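The next block holds one structure in the form of structure tokens; read it before the comments.
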Amino acid sequence: MMLSELCNTIQPLDEQAMRMAQKRWDQIAKPLHSLGRLEEMIVQLAGIHRTADLQLRKKAVLIFCADNGIVAEGVTQTGQEVTATVTENFTKGLATINTMAAVCDADVFPIDIGIAKDMQCAGLDVRKVAYGTKNFAKEPAMTRTEAERAILTGIELVKEKKLQGYNLIITGEMGIGNTTTSSAVFSVLSGLSPEMVTGRGAGLSSEGLHRKINLIQHAITKYQPNPKDILDVLSKVGGFDLCGMMGAFLGGAIYRIPILIDGFISAVAANCAVYFAPLCRDFLYATHCSAEPAGKLALDAIGMQAYLECGMCLGEGTGAVIGAKLFDFAWAAYAEVADFHAAHVIPYQPLQ
């Protein structure tokens, strides 16, 4: 099916299942609504899965790895080769995300969606659209066809993980230069200036930050990407990792699996998905607020509030795996705590 046809299959959350889940919370032996957003988390899950009889989460981390041609303009502290090196470390279990994912019992799946070289790594899922994007200081980052192919790849990966029994997807990314592409895309979509939405990434000097902002502004002025046409924006100043994550967010809505937003880059991809198919927003969870300057702005733009404030900006899905652990706590209370009758407690009554 074509991208638009797939998105047309998205259905709203199941309101009856959500009411049943809230009723279950209200019967548990505790003050009403006292678990706050953890209760909302479960109610939303019920709406996604169309049942209040929920199961423990089987978690997958999808890390979309891709290179960005804009790195040639000196917008990063490190060279492009680091993308391949860190990706290989994912496959060996040597990266931060591997250690943190183990704590929340999540399986890590690195995906080569656009690394600038051929990778020979056991455990790497190769879905390469191209060998990195073009340098958008000189030409559009990718073709419209490549952007759509990368989005469809993200959708297909969610479908595959669902068939493998996973029922919670965590998004992550790796790609030197991807804070530049993300800032460029978000500047177009939000209408905010590049100065407002661009940070130092993995560590730029003030001179480097100024160069980064100017390059983004120049590209937006040169190509005039249409904010009402997501594929146009992504093809001109985006990245393959952004496209893949956008597809994962859409896939969550299409195949009814909750998808976790990580940091700024992931949140920009979520913006792309929500603008393209607004119903998909209800299938997303904002786990933490990135320390990048536009981290909160990117969540605000789609009306989402992060569960955690950790001051993180590593990427890779590291913030999202911390957020994923909250599902275990919420499910344990929802599934295992006694109701008022079993606990020999007089039920609390709603107060005006």
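This structure is a prediction, so every number in the text was calculated from the model and none was measured. Count residues from 1 along the sequence.
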Have a look at Phe64 and tell me which of Met246, Met174, Met245, Arg127 forms a side chain to side chain contact (heavy atoms under 4.5 Å, CB included) with it. Met245
So, Asp328 and Lys59, do they make that salt bridge, N to O below 4.0 Å? yes
Between Asp26 and Gln22, do the side chains contain a donor N or O and an acceptor N or O under 3.5 Å apart? yes
For a quick check under 3.5 Å, do Thr171 and Asp262 share a side-chain donor-acceptor pair by atom type? no
Does Ala60 offer a backbone N or O that forms a donor-acceptor pair with the side chain of Asp107 under 3.5 Å? no
Would you say the ring centers of Phe136 and Tyr223 fall short of 6.0 Å from each other? no
I need the minimum non-hydrogen distance between Asn167 and Arg57, along with the two atoms involved. O-NH1, 3.0 Å
Looking at every non-hydrogen atom in both residues, tell me the closest pair between Pro293 and Thr198 and how far apart they are. CG-O, 3.9 Å
Closest contact, heavy atoms only, Leu234 versus Ala141: O-CB, 4.4 Å
Can you confirm whether the side chains of Asn226 and Asp232 place a donor and an acceptor under 3.5 Å from each other? no
Check against ring-ring contact (aromatic ring centres under 6.0 Å, His included), Tyr285 and Phe327: CA-CA 11 Å; Tyr285 290 83; Phe327 285 81; 4.9 Å; yes
Cation over ring face, Arg37 and Tyr307, 6.0 Å, 45°: yes
Considering residues, nucleotides and ligands other than Met20, do more than 12 of their heavy atoms fall under 6.0 Å from its CE? no
For Ile261, is there any backbone N or O sitting under 3.5 Å from a side-chain donor or acceptor partner on Thr287? yes
Asn214-His210 side chain donor-acceptor pair, cut-off 3.5 Å: yes
Residues Val268 and Val185: closest non-hydrogen pair is CG1-CG1, 3.8 Å
N-O pairing of Lys92 and Glu88 below 4.0 Å: yes
Salt bridge (charged side-chain N to carboxylate O under 4.0 Å, His left out), that's the test. Do Lys30 and Glu39 meet it? Break it down for me. CA-CA 12 Å; Lys30 63 174 185 58; Glu39 296 189 28; 2.6 Å; yes
Give me the atom names and distance for the closest heavy-atom approach of Leu168 to Ile257. N-CG2, 4.0 Å
Would Glu5 and Thr9 count as having a side-chain donor-acceptor pair, cut-off 3.5 Å? no
Examine Phe240 together with Tyr131 and report whether their ring centres are nearer than 6.0 Å. no
Look at Arg144 together with Asp229 and state whether they make a salt bridge at an N to O cut-off of under 4.0 Å. yes
With a 3.5 Å cut-off and no angle check, do the side chains of Thr179 and Lys212 form a donor-acceptor pair? yes
